[in-house]
Peer 1: 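Below is a structure I'd like to ask you about.
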2 protein chains.
Amino acid sequence: MKTEPGGTPLKVVSWAGNSLTILDQTRLPQQEIYIQTTDYRDVITAIKELKVRGAPAIGVAAGYAAALGALKIKAATLNVFFKEFDKVLEEIVSSRPTARNLFWAVERMRCVSCDGDNVATIKERLVNEAVAIQAKETESSTQMSVHGAALIPDNAVILTHCNTGVLATAALYGTALGVILRAAENGKNIRVIATETRPLLQGARLTTWEALRADIPVTLITDSMAGHFLSRGLVTCVIVGADRIAANGDTANKIGTYSLAVLAKENKTPFYVAAPYSTVDLSLATGKEIPIEERNSKEVTHIQGVAIAPEGCPAFNPAFDVTPHRYISAIITEKGVIRKPYGKGLKTLRQA
Amino acid sequence: MKTEPGGTPLKVVSWAGNSLTILDQTRLPQQEIYIQTTDYRDVITAIKELKVRGAPAIGVAAGYAAALGALKIKAATLNVFFKEFDKVLEEIVSSRPTARNLFWAVERMRCVSCDGDNVATIKERLVNEAVAIQAKETESSTQMSVHGAALIPDNAVILTHCNTGVLATAALYGTALGVILRAAENGKNIRVIATETRPLLQGARLTTWEALRADIPVTLITDSMAGHFLSRGLVTCVIVGADRIAANGDTANKIGTYSLAVLAKENKTPFYVAAPYSTVDLSLATGKEIPIEERNSKEVTHIQGVAIAPEGCPAFNPAFDVTPHRYISAIITEKGVIRKPYGKGLKTLRQA
């Protein structure tokens with residue numbers, strides 16, 4: 001669907017000939033640079049450094065990292081292979097702590113690896129499974145966009161945070177931005193307000209870029225401006241993605257999401273979360289249990305390498321925050337739209 | 001009070017020998033560069049470009065700009081002088097639209113100019129009045145810091161937005177940060193959380209710098225993180241300054257203030273506004289009437305000259321927002337602390 005000017009689809013994460021190609025999102029929008037690798041450690045580095053980011057895309061990349069790791073293992077026996085493969089999976093799991101999809105993908109890879117009677121077969125199955133994970137996320141994002149677009153009225157002004165499009169999912173649509181892209185594709189007149197999303201500016205760099213590519217009118221704001229536009233009644237709804245959703249609907253997402261949710265509620269504006277079901281973690285009762293990644297403070301004290309604070313100034317850098325479920329108007333998944341009570345809805349959809 | 005390592009007080013705006021020296025705040029904290037001028041148009045440029053910023057400091061600079069403008073007028077008769085001086089004042093008034101203090105200072109200068117029987121005397125009176133405006137703001141900021149510090153408990157973690165210290169007032173303390181400086185000076189154990197304050201990063205560049213100079217522990221966060229820390233109960237109170245306060249207490253302040261106020265209320269955290277009474281505009285019934293400056297969108301799409309968005313990406317850039325009075329726990333002025341109902345309190349204090 002989303003195509004480059006020349007008509008080529010945007011290749012965020014792509015697999016060919018047992019080699020993985022990753023679009024380096026830290027260089028966008030100025031440069032479109034691809035990393036090609038057969039080394040799973042390069043993929044882990046790409047995840048850690050946010051060259052590939054967005055919960056679903058991290059899951060997809062993690063699947064391929066596991067496949068690459070498996071392919072490199074020189075083991076004749078299953079025992080030796082499993083020992084090595086476990087180490088690979090542990091390294092992948094340690095790359096980032098918050099996004100559920102990473103663990104979900106690794107678990108899928110681990111399950112598949114258990115089923116096979118020789119190393120060569122298992123390696124083949126793992127490659128197929130990684131490809132299947134991406135296919136599944138692609139299908140999910142497409143379905144999610146259909147369900148979500150139905151909630152969007154014509155002439156909507158949609159405020160969104162961070163980047164949740166093709167870049168964040170390595171799929172054909174996205175999560176929150178996927179809903180927006182689909183609503184526009186369905187002929188609705190949509191305008192987007194994109195928060196820049198400090199510290200790493202995924203909104204300013206990536207969401208605007210994706211919206212402009214799709215010919216959707218987009219206007220950039222700083223994160224601090226969202227409340228102003230909400231309070232003036234200029235926003236129809238807010239849609240964001242998710243990194244992990246607890247069993248009660250509490251949602252961890254990019255830092256700043258909680259603030260948008262509170263501001264939306266205060267101004268009686270619908271606040272939607274769009275995420276594939278692979279983001280849901282029924283093992284956590286509430287959002288309080290979701291681990292929040294604290295990243296390097298230099299991401300706050302510096303912007304694209306330029307110091308913006310006095311030397312040595314301390315900074316906090318939680319990468320995510322948790323939005324309690326009571327602020328969320330609906331959770332949009334590929335399995336359907338869930339409304340309160342989320343505990344029941346999320347549990348029911350597990351079987352769907 | 002605030003001194004440089006060498007013991008020299010911080011000279012934000014200083015007058016000597018009919019010449020004005022302005023610390024260029026756009027270059028801080030990396031460089032401490034001063035602009036010296038006898039041309040009022042340089043002062044207007046400095047105001048427009050935020051080389052001098054903060055509502056009280058803008059008022060102080062505007063007073064000196066009027067004095068410099070008057071000194072340059074070559075007029076033998078009062079009629080010619082007044083005609084020229086009116087033009088000077090109009091230019092000053094047009095420099096920035098939101099901060100009340102600018103208009104307040106210009107009005108004071110206009111009033112003084114009416115009283116005098118020859119041009120030389122009026123010029124002298126104008127110079128004296130500009131100096132008096134700065135003395136008044138200095139006294140106000142000192143008094144305000146005393147009143148405000150009384151509200152701050154020991155071991156407080158104070159979240160503040162933008163810069164509201166010596167730099168913002170050209171005084172000895174400041175408004176919101178002045179309260180913090182004074183509380184620390186009074187021996188209270190204070191920690192500051194400073195929001196970076198996009199787009200122009202006054203928090204990251206200036207508030208951290210002032211706090212570090214005063215040996216007050218400060219930690220920088222992005223604007224989007226404030227809600228996270230408030231929701232986790234890690235903030236004792238929020239204090240901000242003001243650019244204009246309407247008769248009912250609605251307060252225009254740096255963009256992002258409204259969001260902080262809503263988030264503070266949602267998390268049952270006191271939200272204080274500190275401002276000299278010169279910021280109060282009783283001619284406006286509510287905050288809806290306060291003009292909000294829309295600045296160049298490049299301030300959003302670029303950070304310190306570096307593009308962070310795709311070329312040509314549109315951006316909104318309102319420099320201020322309005323916080324309805326219902327979110328404000330108290331307004332701290334040099335005349336005392338005002339609580340609800342603000343309409344009555346603000347009116348009463350006019351005479352104080």
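Here is how names work: the chains are called A, B, and so on, in the same order as the sequence lines, proteins then strands, and each is numbered from 1. All of these numbers come straight from a predicted model, not from anything done at the bench.
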Peer 1: Would you mind telling me which of A:T207, A:I255, A:L28 has the largest number of heavy-atom pairs within less than 4.5 Å of chain B?
Peer 2: A:I255

Peer 1: With a 4.5 angstrom heavy-atom cut-off, could you sort out which part of A:I308 is near chain B: side chain, backbone, both or neither?
Peer 2: both

Peer 1: Looking at every heavy atom in both A:A261 and A:Y327, which two are closest together, and how far apart are they?
Peer 2: CB-CB, 3.7 Å

Peer 1: Using a 4.5 angstrom heavy-atom cutoff, name the option from B:P310, B:P217, B:A315 with the most pairs to chain A.
Peer 2: B:P310

Peer 1: Using non-hydrogen atoms only, which part of A:P314 is less than 4.5 Å away from chain B: side chain, backbone, both, or neither?
Peer 2: both

Peer 1: For chain A, which candidate among B:I221, B:I193, B:L263 shows the most heavy-atom pairs at distances under 4.5 Å?
Peer 2: B:L263

Peer 1: What part of B:A307 lies closer than 4.5 angstrom to a heavy atom of chain A: side chain, backbone, both or neither?
Peer 2: both

Peer 1: Kindly indicate whether the side chain of B:E293, heavy atoms from C-beta on, has any atom under 4.5 Å from the side chain of B:D243.
Peer 2: no

Peer 1: Which atoms form the tightest heavy-atom contact between A:I245 and A:I331, and what is the distance?
Peer 2: CD1-CG2, 4.0 Å

Peer 1: Is the closest side-chain donor-acceptor distance between A:Q202 and A:R53 under 3.5 Å?
Peer 2: no

Peer 1: Can you tell me which portion of A:V306 sits under 4.5 Å from chain B's heavy atoms? Options are side chain, backbone, both or neither.
Peer 2: side chain

Peer 1: Looking only at heavy atoms and a cut-off of under 4.5 Å, which of B:S297, B:A211, B:C313, B:A226 has the most pairs with chain A?
Peer 2: B:C313

Peer 1: Report the option among A:A194, A:S231, A:P324 that has the most heavy-atom pairs separated by less than 4.5 Å from atoms of chain B.
Peer 2: A:S231

Peer 1: Please tell me if the side chains of A:D250 and A:Y342 come closer than 4.5 Å, counting only heavy atoms from C-beta onward.
Peer 2: no

Peer 1: Quick one: of B:T301, B:L230, B:V262, B:I292, who has the most non-hydrogen atom pairs under 4.5 Å with chain A?
Peer 2: B:V262

Peer 1: Indicate yes or no: at least one non-hydrogen side-chain atom of A:N253 is less than 4.5 angstrom from one of A:T323.
Peer 2: no

Peer 1: Under 4.5 Å from any heavy atom of chain A, what part of B:L260 do you find: side chain, backbone, both or neither?
Peer 2: neither

Peer 1: Can you tell me which portion of A:Q30 sits under 4.5 Å from chain B's heavy atoms? Options are side chain, backbone, both or neither.
Peer 2: side chain

Peer 1: For the candidates B:G256, B:A204, B:G227, which exhibits the highest count of non-hydrogen atom pairs separated by less than 4.5 Å from chain A?
Peer 2: B:A204

Peer 1: Is it the backbone or the side chain of B:L212 that comes under 4.5 Å from a heavy atom of chain A, or both, or neither?
Peer 2: side chain

Peer 1: Non-hydrogen atoms of chain B under 4.5 Å away: do they reach the side chain of A:F229, the backbone, both or neither?
Peer 2: side chain

Peer 1: Taking all atoms of both residues into account, what is the closest heavy-atom pair of B:S259 and A:S224, and its distance?
Peer 2: OG-O, 4.0 Å

Peer 1: Applying side chain to side chain contact (heavy atoms under 4.5 Å, CB included) to A:L159 and A:F271, what does each step give before you reach the verdict?
Peer 2: CA-CA 9 Å; A:L159 190 143; A:F271 179 89; over 6 Å; no

Peer 1: Counting heavy-atom pairs under 4.5 Å to chain A, which of B:T208, B:L220, B:V218 comes out on top?
Peer 2: B:L220

Peer 1: Would you indicate whether the side-chain heavy atoms of B:I216 and B:L181 approach each other to under 4.5 Å?
Peer 2: yes

Peer 1: Considering only heavy atoms, which portion of A:D223 lies under 4.5 Å from any heavy atom of chain B: side chain, backbone, both, or neither?
Peer 2: side chain

Peer 1: Given heavy-atom pairs under 4.5 angstrom as the criterion, report whether the side chain, backbone, both or neither of B:P29 touches chain A.
Peer 2: side chain

Peer 1: Determine whether a donor-acceptor pair (N or O, by modelled atom type, separation under 3.5 Å) exists between the side chain of A:N267 and the backbone of A:T269.
Peer 2: no

Peer 1: I would like to know whether B:Q304 and B:R205 meet side chain to side chain contact (heavy atoms under 4.5 Å, CB included); could you show each step before the answer?
Peer 2: CA-CA 12 Å; B:Q304 303 198 344; B:R205 295 187 301 104; 3.5 Å; yes

